[in-house]
Protein chains: 2
Amino acid sequence: MHTLPHPERDEIRIAAVLHALADPVRLRIVRELARADGVSCGSMGLGVSPSTLTHHVRTLREAGVVRVQPRGTSRISSLRREDLDALYPGLLDGVLAAPR
Amino acid sequence: MHTLPHPERDEIRIAAVLHALADPVRLRIVRELARADGVSCGSMGLGVSPSTLTHHVRTLREAGVVRVQPRGTSRISSLRREDLDALYPGLLDGVLAAPR
DNA sequence: ATCGAAGTTCGAAGATCCTCGTAGTACGGT
DNA sequence: ACCGTACTACGAGGATCTTCGAACTTCGAT
């Protein structure tokens, strides 16, 4: 139940972040977290299988976009807003402001 | 010498833009254009073959990130800053500000 | 009119990615 | 102790992506 591995701020790479955001499912996860942070991604009603969801959340976590904490049998995800804003000011807001 | 097909502003999709930016070569192209706009990508000294370069520039163009105009035997590329800033304010600046 | 330079098109090879099902682990509650 | 829930690990299939070389087109210059 140890904490999961996350990149430090100075290990985050822009290419990995962009790649993580460049998927429809992961983008919906990020949007949802921006709306209601600190939530289990399994309860978002995305239309994918549990194993697919694990893959996407891991991609976001390893890219440094989200932080994941175990709580009971669930995993609570939250946006790494401070880190992303510090590294790429405006990026996250620009993505979230996207009409499409 | 027909102009090449470009998406209108309202046809640009955030997922396509992010995917276009999520490649090291294309990111270097975008950075270079941010530094010196209206330039032929062939003269950037990226270490890829001409056909690979064509592929990347087309990806950027079709995503709506760059505008490409034929001039002589060359293709002049320029960042679609206004469109991107209007759609996703802060995104491009955030990406360009990226230390890594 | 011929030549070279700049780019494109068309495969093709190899890598990466997204998705899933199956099997398994970890935790909380009865 | 048992069960159900939430999630993970490990493939595998199929799609997409990146890269390239070879052959071709287009344009400007000689």
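Keep in mind that this is a model prediction, so the values were computed, not measured. Quick note on labels: first sequence line is chain A, next is B, and so on, each numbered from 1.
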*Could you tell me the separation between the CZ atom of B:Arg80 and the CG atom of B:Leu33, rounded to the nearest 0.5 Å?*
13.5 Å
*Output the distance between atom CG (A:Leu21) and atom CD1 (B:Ile14), rounded to the nearest 0.5 Å.*
8.5 Å
_Any side-chain N or O of B:Arg71 below 4.0 angstrom from OP1/OP2 of D:dG28?_
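Negative; the distance criterion is not met.
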Starting from [atom2] on [N], measure out to [atom1] on [X] and report it in whole angstrom.
X	N	atom1	atom2	answer
A:Arg75	D:dT5	CZ	C1'	13 Å
A:Leu60	D:dT8	CG	P	12 Å
A:Leu4	C:dA26	CG	P	13 Å
A:Asp23	D:dA15	CG	P	17 Å

*Which parts of residues 27-58 of chain A get close to DNA chain C, meaning a heavy atom less than 4.0 angstrom away?*
A:Val48, A:Ser49, A:Ser51, A:Thr52, A:His55, A:His56
_Contact list for DNA chain C against residues 13-21 of chain A - heavy-atom distance below 4.0 Å_ = A:His19
_Please check this pair: side chain of B:Arg26 against backbone of B:Ala20, looking for a donor-acceptor N/O pair closer than 3.5 Å._
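Looks like yes, one N/O pair under 3.5 Å.
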*So, does B:Arg61 use its side chain to make a donor-acceptor pair with the main chain of B:Pro5 at under 3.5 Å?*
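Flag set: sc B:Arg61 to bb B:Pro5 pair under 3.5 Å.
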_Ion pair B:Asp93/B:Arg81, N-O distance below 4.0 Å_ = yes
*Same hydrophobic cluster for A:Val39 and A:Val66, using side-chain heavy-atom links shorter than 4.5 Å among ILVMFWY?*
yes
*Indicate if A:Ile29 and A:Leu96 have the same hydrophobic cluster label, given that clusters are the connected sets of ILVMFWY residues with side-chain heavy-atom separations under 4.5 angstrom.*
yes
*With sequence neighbours excluded, give me every side-chain hydrogen bond (donor to acceptor under 3.5 Å, both in side chains) pair touching residues 5-24 of chain A.*
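Passing the test, one end in residues 5-24 of chain A: A:Arg9-A:Asp83.
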